[in-house]
Structure formats: structure tokens, C-alpha cells
Amino acid sequence: MIKFLVYSAILLGIIAATQLMRVFELASELKGTRHYEIKEADNRRNGKLMFWFMVTFMLFCFWQVIKYKDKLLPVAASIEGVELDWLLNFNFIIIWVVFIITNVLLFWFSYKYYGRDNAVAHYYPHNNKLEILWTTVPAVVLAVIIILGLKSWTTITAPADPNMRIIELYAKQFDWTARYAGTDNTLGGFSYKLITASNPLGVDANDPKTADDFTVKGEFHIPINQPVEFKIRSRDVIHSAYMPHFRQQMNAVPGMITFLHFTPTITSKRMKEITNNPNFEYLLLCNKICGASHYNMQMNIIVDTQEEFDAWLKKQKPNLSAAPATADAAEIKEGK
Amino acid sequence: MSDNHGHGHGEHHGHGHDDHHHHQETFITKYVFSQDHKMISRQFLITAIFMAVVAMLMSTLFRLQLAWGEAGEKFAFINYMLGDKWGKDGVMDPNMYLALVTIHGTIMVFFVLTGGLSGTFSNLLIPYQVGARDMASGFLNMLSYWFFFVSSLLMFASLFVENGPASAGWTVYPPLSALAEAIPGSGAGMDLWLISMSLFVVSALLGGLNYIITVINLRTKGMSMTRLPLTIWAFLITAILGVLSFPVLLSCAVLLIMDRTFGTSFYLSDIFINGHPLDATGGSPVLFQHLFWFLGHPEVYIVLLPALGMASEIIAVNSRKPIFGYRAMIGSMLAIGFLSFIVWGHHMFITGMNPFLGSVFVFTTLLIAIPSAVKAFNYITTLWKGNIQFTPAMLFSIGLVSTFISGGVTGIILADSALDIPIHDTYFVVAHFHIVMGLSAILGMFAGVYHWFPKLFLRMMNKKLGYAHFWITFASAYAVFFPMHFLGLAGVPRRYYSNTAFPIFDNLMDINEFVSVAAIIGAIAQLIFLFNFFYSIFRGPKAPENPWNSTTLEWTNGVGHIHGNWAGKLPVVHRWAYDYSKPGKSKDFVPQTVPLEDGEHDGGEHD
């Protein structure tokens with residue numbers, strides 16, 4: 001019944017609107033005007049609207065920036081992140097300038113040159129000097145942007161130093177596991193064919209390098225001011241290891257090992273003070289659509305001081321060597 | 001060359017139309033299996049409008065979820081639209097959320113802004129503006145529409161299969177899209193998605209080849225390439241991009257069909273899912289991404305260029321000025337078209353692709369900013385000292401230039417691989433591409449509908465409703481997408497069903513509410529357009545021959561739809577398309593068919 005009423009109301013609404021339009025059109029026909037023709041009054045009204053839109057739009061943008069600038073991510077917590085934030089701000093200055101100048105000119109000209117009945121437009125088909133100017137100026141600015149960007153990109157993605165601490169991030173629907181490489185700082189081999197309920201990462205228990213490896217879930221620890229290299233794997237679909245507070249991200253791709261490395265610079269404890277939020281935690285999020293619980297696939301990252309980290313490390317016990325090994329030796333991949 | 005109406009479409013020297021009065025049309029050949037470009041263009045437009053309404057309803061649903069649903073509110077509307085299976089008690093199912101964003105994206109990108117935009121306006125304007133009697137092949141053109149129609153039908157039908165439609169995101173990355181165990185939508189819904197897209201590629205190719213051939217071969221006497229309106233240049237370059245890139249999407253889809261159905265492993269390797277390891281080994285999910293984005297990036301310009309081309313024309317007509325830098329505009333479009341083929345890797349900086357390769361893509365991508373900047377400045381200079389007539393089409397075109405700039409500048413950040421690391425796949429990306437590609441193209445499409453409605457349906461749309469439609473749409477569009485930049489900079493990932501699963505994003509919830517309110521206002525404003533559109537088709541005032549005082553050929557053939565476009569001989573062109581307010585002329589426009597006076601320079605020639 002309600003559905004019927006809703007549909008009837010919609011239908012009646014459409015009929016009413018049609019009839020109103022008809023009345024309006026008949027009225028304007030009687031007045032002898034063709035209502036699709038653009039009058040000077042229309043131009044003036046829309047020109048003014050262009051001007052006021054510009055003012056409102058710019059104020060809206062600035063208001064948004066002021067409103068949200070302190071609610072964005074806190075200060076970058078890694079060396080790489082600090083560099084990227086600087087670069088991002090540098091780029092933002094350029095694009096804000098371009099954005100404001102061009103939008104203001106666009107709306108200002110729309111207002112200033114709204115059509116008047118007796119006005120004639122200025123015939124101005126081209127001007128080579130102007131066009132060369134606005135080809136070369138963007139080219140120069142972009143050259144600067146490209147050079148600075150690639151400089152950061154090459155440093156951040158440079159091959160990891162072999163001495164860096166190695167941690168594996170293992171993704172599956174819908175959680176993360178971190179595997180530490182142990183005292184030898186080398187991960188044991190693995191194969192997806194070894195995966196069982198008791199060996200969720202498919203590690204090779206016969207590999208001597210596995211003996212000192214251990215895994216953790218829910219949260220993992222890293223020490224401050226020490227570079228860490230993450231080796232990222234996936235069991236099923238593509239996931240993405242996203243660590244926004246460190247400004248780091250890398251996809252987890254089944255069949256591949258991907259890498260990223262960074263140096264954390266602020267402990268979790270200190271960050272709680274900086275953000276004035278006692279519940280603050282660094283997060284590892286999944287940032288590639290991976291299924292129903294994609295939105296809820298995260299892990300906490302704890303950045304410790306060296307002493308805290310050493311104490312935590314002592315408590316961790318190798319927990320992988322008991323896993324049964326049944327796969328064909330040829331299928332086992334090196335953990336390196 | 002096809003010659004199925006009994007006269008040579010390609011005749012340049014005129015070939016009286018009255019020699020085939022015997023031509024009989026039945027209802028079927030006129031309205032259904034029509035080979036007339038004008039009818040096909042209307043068919044594309046109406047189909048696209050239907051699909052756009054579907055996609056818009058979807059966005060309304062997931063905006064309800066993002067603003068209030070995740071905070072525990074229940075909506076009878078969600079239950080009404082999705083039923084008890086996907087919206088039990090008014091709470092959206094997480095899988096359905098992913099299905100909605102997936103199909104919303106697919107429909108908007110392909111069915112509305114590719115099929116709808118190129119299909120409508122290339123079909124309508126290419127024969128009209130080059131002075132041809134129809135497309136080179138009316139038959140292929142008809143097939144192009146019907147492939148599009150079947151493709152749309154399949155995509156729409158996929159919404160109703162038991163396990164829901166494709167849900168792996170509009171980019172359908174495998175393995176998620178390849179394995180029904182990974183997500184319910186990767187079952188029959190994904191099969192339909194792939195078949196539908198394959199047919200879509202066929203449609204795009206048939207259409208594209210026809211557009212190219214028509215522009216190259218069927219230009220009327222005097223219509224040199226440098227006298228073509230910029231619309232035609234845009235459609236031509238778009239069609240070339242489509243013909244070169246859509247086949248790659250087809251191969252990409254076919255390989256995925258093989259992986260899903262025939263046990264190959266092009267994209268699959270070392271996967272353990274649902275308690276067992278898969279046999280597939282040796283494939284690479286990254287291969288799919290290369291193939292997909294080899295189409296996917298040119299696709300952005302396939303969507304954007306027709307809108308930019310139409311805006312060039314509409315801005316010139318309504319500023320009553322020649323487009324500034326006609327040749328620079330052509331050059332920019334060619335440069336954008338060329339570069340669009342060598343930038344696809346900027347979607348893949350953090351997929352594990354070699355970082356050096358990433359650097360190359362940074363360079364090529366940022367180069368695109370140069371021709372884009374030239375275009376933006378040229379539009380602005382065209383307005384300068386104009387005598388601007390604010391038709392609804394003009395408003396939408398100016399809106400397009402604004403969104404093209406506002407969305408384009410954030411592209412500079414995303415193209416910079418280093419900066420892409422922290423903001424990849426966040427709402428910053430959502431904001432960027434919705435503004436630069438989505439808004440610009442849809443505003444361009446509206447501009448085209450308002451401007452060429454008299455040629456499409458021989459009647460005029462209501463101006464005041466057009467104004468209301470523009471201002472509400474434009475304001476709400478910025479209100480929807482501008483704040484999303486901040487969500488992205490706060491690290492909010494896209495495609496999250498809920499942001500309240502953990503506390504990090506709690507202080508940003510008011511952005512989502514603001515955005516959703518604006519989105520719903522924007523959606524309701526589209527009712528104004530739909531009413532105006534359908535009302536005017538039947539009851540709008542009859543259009544005069546040349547309502548906007550334009551110079552181009554489509555306004556020279558009277559007030560009816562004529563089979564063969566011009567009664568009698570085809571028009572002969574004597575000048576470029578942009579003689580507006582030329583000094584020394586009695587009127588402020590000189591149609592292309594008016595011969596040059598003694599000693600008069602053609603405006604298209606640089607002096």
C-alpha cells in the first residue's frame with residue numbers, strides 16, 4: 001500500500017510539473033517572448049552568480065583547509081616521511097597558486113565580460129608570444145617538480161642495506177602476520193603448498209634459517225632510529241601494506257615478494273604525547289580492495305626505544321620450527 | 001564503402017537528395033535498427049541516461065552507508081533498494097557495498113562517459129559538422145549501438161544474479177576478480193561483467209573506426225583538416241585512442257576469462273585460498289594491471305577529450321569570439337593523445353614494479369600537464385573580452401574548465417611517484433579523478449546536451465530549469481569532492497565499508513556527512529534535468545535553424561531531421577569554424593558556408 005502511495009505521489013508530481021511548465025510556456029508565448037533566448041538580464045544574473053560563486057568557492061576552500069589542517073595525519077614518524085611531507089608541501093604551494101590564479105581568472109572574466117546587448121567581442125584568434133609563454137612556464141615549473149620528486153623516489157626506493165633488520169609482513173583475507181627473521185636476520189624458506197592450519201605462513205620447518213624465526217599477530221614492535229626492511233607477501237589476493245604515519249605503502253602480491261624500508265623516528269609513547277591522544281597507535285592498514293572485511297584488516301605497530309625493544313624481543317620464542325614439512329623441496333622458495 | 005541507402009554517402013560534389021524519394025522506412029528501421037546517425041546518437045544518449053540514473057542511485061546508497069550507515073543508522077531506502085538479502089533491516093551488506101562502488105565506477109566510466117558521451121556526440125556531430133550525409137558505414141554504426149545496448153543490458157542484468165554483481169572494484173584486479181572463493185561477486189556476476197565489457201569493446205571499435213573513416217574521408221568540399229571545428233578534432237583523436245587501446249582491454253578480459261574458466265594461470269600464482277592451494281602457478285597479477293591500464297589511461301582521455309572538444313566549441317560560440325589558439329588546441333590534444341599511451345604505469349608505482357620504470361612514468365605523466373595547461377589558458381583567454389552569452393551549455397562549459405583545472409592540479413601530486421606512496425588508493429585519489437575526469441566529462445556531456453538538443457530533438461530545452469540544474473549541480477559537485485582531499489591526506493583508504501572499525505578516523509566523520517548531504521542534493525538536482533529533458537523532447541518549443549548563432553555546418557540544414565542531412569547539395573565550406581565578431585562584418589558570426597571576401601584572410605591561417 002505504501003509503495004502504491006509513493007508511486008502515485010511520484011506520478012502526480014511529474015504530471016503537476018508538466019502542467020506547470022505548460023502554463024509557464026503559454027504565458028511567455030502570450031507575452032511574445034521566446035523563453036530560450038538569452039537576454040541581457042540572464043547574462044547579468046549568471047555573470048554575478050559566477051562572481052559570487054568564485055568568492056564562496058575560495059572561502060569554502062580556505063575554510064576547509066583551516067578546519068581540517070590539524071585533523072590530518074600527525075607529523076611524519078620516519079625519516080622518509082619527513083622528506084615526503086616537505087615535498088608534498090612544496091608541491092601544494094605550487095598547485096594552490098595555480099589553482100587560485102586560474103579559477104579566479106576564469107570566474108572573473110565570466111563575470112566581467114557577461115554579454116551586453118550592444119557590446120561586440122574582441123576578435124583575438126591567437127598570440128604566439130602568449131602561447132609560448134604558457135607553454136614554457138609550466139614546462140620549467142614541472143621540470144623542478146620532476147627533479148625533486150625523482151630525487152626523493154630514488155632515495156626511498158633504493159635497495160635496502162643488507163644489515164637492516166628484516167621483518168616479513170604476510171597478508172591474507174583478512175589479517176596480517178609479522179614474521180621476524182631472528183638472530184641470523186634471515187627468513188626461512190616457504191611454499192604456499194606447505195600451508196596448513198598449524199603452519200599458516202607455509203614456512204619450511206626443515207630450513208635451518210627457520211629455527212630462530214618467530215611470528216606475531218595483532219601488533220608488532222620495531223625499534224626507534226633503526227632502519228627496517230619489510231618483505232611483503234600475500235596468500236590469496238592483492239593486499240596493500242599501508243602505514244600512513246610513516247608515509248609508507250607497498251602492495252602485497254600473491255606469487256611475489258615486494259619490499260619497502262624506512263627508519264622510524266618517533267616512539268609510540270612520544271606520539272601519544274604529540275597527538276595528545278593516550279589511545280594513539282601506529283597502524284598497518286590494508287589499502288587494496290581484498291574482500292568483505294577489507295575495511296577491518298589492520299595491525300598495530302609499536303615503535304619502542306632500543307631498551308624496550310630488546311626486552312620485548314627477549315620474550316619472543318621461535319614458534320615455527322615445529323611445523324610439518326611435506327612439500328617437494330623444489331617448490332620451496334628462499335626466504336631471502 | 002557502404003552504400004546501403006542507395007546513394008553515395010561520400011559524394012562531395014553534391015548529389016541531389018530528391019532522387020530517392022522512394023526510400024521507405026518502417027517503424028523498425030527508423031526507430032529500432034536505424035542506420036541514421038541522428039537516431040543512433042539519440043539511442044546512445046537515452047541508454048546512457050538510463051545507465052547514469054542506475055549509477056547515481058548506487059552512489060546515493062553507498063553515500064548513505066558512508067555517512068550514517070556505519071554509525072549504526074538504518075535506512076528503509078537501503079532495504080527497499082537492496083532487499084532483505086543485501087540490505088536486511090536497512091543495514092547494507094559489506095559485499096554489496098563493494099559491488100555498488102564497483103558497478104558505479106564501471107557504469108560511469110564506460111557506459112555513461114565513453115559510450116554515452118562519444119556515442120551520442122560523435123554520432124550526432126561528425127556527419128553534421130564535416131558536412132556528410134551520414135557515417136561512412138551506417139550498418140557498422142547500427143551494430144555499434146546494438147553491441148552497446150546488449151552490453152548495457154548484461155551489465156544491468158548482472159545486478160540481479162544470486163551472488164551479486166562484480167565486486168572487485170571497477171579495475172577488477174585478479175586474483176580477487178578471478179576467484180569466486182575470494183568474494184561472492186567474483187562468481188556469475190564477474191562472468192557477466194567480463195562478457196559485457198567484451199561486447200562493449202566491440203561496440204567501441206565499430207564506432208571508433210567509423211568515426212575515424214568519416215572524418216578522414218567524408219569531409220565536404222572546402223572542409224580541410226584545419227577548418228574542422230575542435231569538436232571534430234577531439235572526436236577524431238578520441239576514436240584513434242579507442243581503436244588503439246580497447247583491443248588491449250579485450251585481451252586483458254579474455255585472459256581473465258581463461259583464468260576463471262579454463263584453468264590457465266596468466267594472472268595467478270602461488271595462491272592458497274579456502275583451505276587449499278590452487279594449481280595455478282607462474283602467472284602474475286601485475287601483468288593484468290599492465291594490460292588494464294594500457295587501456296585504462298588512454299580511457300581517461302577517451303572520456304575527457306570529447307568533453308573538452310565540445311567545451312571549445314560552446315565557449316567560442318557563446319563568448320562570441322574565436323577559440324583562442326586554434327592550432328595550439330589541436331596540438332595540445334594530439335600531444336595529450338600521444339602521451340596518454342606512455343603513462344599507464346603511474347597507476348602502478350607501488351605494485352612492486354621496478355622503481356626505475358616508475359621514474360620513467362613520472363616523467364611522461366608530468367609532461368601531460370603542459371598541453372593541459374595550454375588548453376586551460378586558452379579557454380580562459382577565449383573568455384577574455386568576450387560578449388558572453390550564458391546559455392545553460394555555456395555555464396556547464398565554464399564549470400568544466402574549472403573542474404579540469406581543480407582536478408588537474410592534484411594530478412601533479414599523484415603523478416609524482418614519491419608522493420604517490422602515502423596517498424595511493426586513498427580518498428585523495430577519489431577526489432582527484434572524480435573532479436578531473438568524472439565532473440569535467442559529465443559537465444561537458446550536459447553542456448553538449450543543452451547546446452545540441454535542438455539538433456537532437458528539434459526542440460529547445462527550458463533555460464531557467466537549465467540554470468537551476470547547473471548551479472545546484474556545480475556547487476554540490478565541488479561540495480562532494482573537494483572535502484575528500486582531506487580524507488585522503490588523513491590517510492583514509494578508499495573502498496572501506498566502514499571507517500569506524502578503529503578510532504584513527506573518528507574525528508573526520510563530519511566530512512563524510514557533509515559529503516553525503518551534498519551528494520544527495522546533487523542527485524536530486526538531476527531530477528530537474530531529467531524532467532527538462534523528457535518534457536522538452538515532447539513539449540519543448542520548436543527549435544529555429546540556428547538558435548545560438550553558430551558558424552558550423554550542423555546549423556545550416558533547416559529545422560527538420562532530413563534523411564541525408566541536407567536537402568539538395570552538400571554545403572561547401574569557405575572558412576574556419578570560428579569567425580565570431582570578425583571586424584568589418586555586419587553580424588557577429590560568419591557561417592562556414594559564406595565565401596571569403598576579396599583579400600579576406602581565413603581566420604584559421606596564421607598570418
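In what follows, chains are A, B, ... by sequence order, proteins preceding strands, each numbered from 1. Atoms considered below: every heavy atom in the structure, side chains included; atoms not considered: hydrogens, waters and symmetry mates.
- With a 4.5 Å cut-off on side-chain heavy atoms, A:Phe90 and A:Leu148 count as touching.
- Heavy atoms closer than 4.5 Å to chain B are found nowhere in A:Lys151, neither backbone nor side chain.
- Both the backbone and the side chain of A:Met50 come within less than 4.5 Å of a heavy atom of chain B.
- A side-chain donor-acceptor contact under 3.5 Å links B:Asp270 and B:Thr281.
- If you measure heavy-atom distances from A:Leu49 to chain B, the contacts under 4.5 Å come from both the backbone and the side chain.
- Only the side chain of A:Ser240 has a heavy atom closer than 4.5 Å to any heavy atom of chain B.
- For A:Met256, the part sitting under 4.5 Å from any heavy atom of chain B is the side chain, from C-beta outward, and nothing else.
- Using a 4.5 Å cut-off between heavy atoms, B:Thr381 contacts chain A through its side chain alone, with no backbone atom that close.
- With a 4.5 Å cut-off on non-hydrogen atoms, A:Trp96 touches chain B through its side chain but not through its backbone.
- For A:Tyr242, the part sitting under 4.5 Å from any heavy atom of chain B is the side chain, from C-beta outward, and nothing else.
- Both the backbone and the side chain of A:Ile289 have a heavy atom closer than 4.5 Å to some heavy atom of chain B.
- Heavy-atom distances place both the backbone and the side chain of A:Val65 under 4.5 Å from chain B.
- Counting heavy atoms from C-beta on, the side chains of B:Leu367 and A:Leu142 never come closer than 4.5 Å.
- Here the side chains of A:Leu73 and A:His245 are in contact, with some heavy-atom distance below 4.5 Å.
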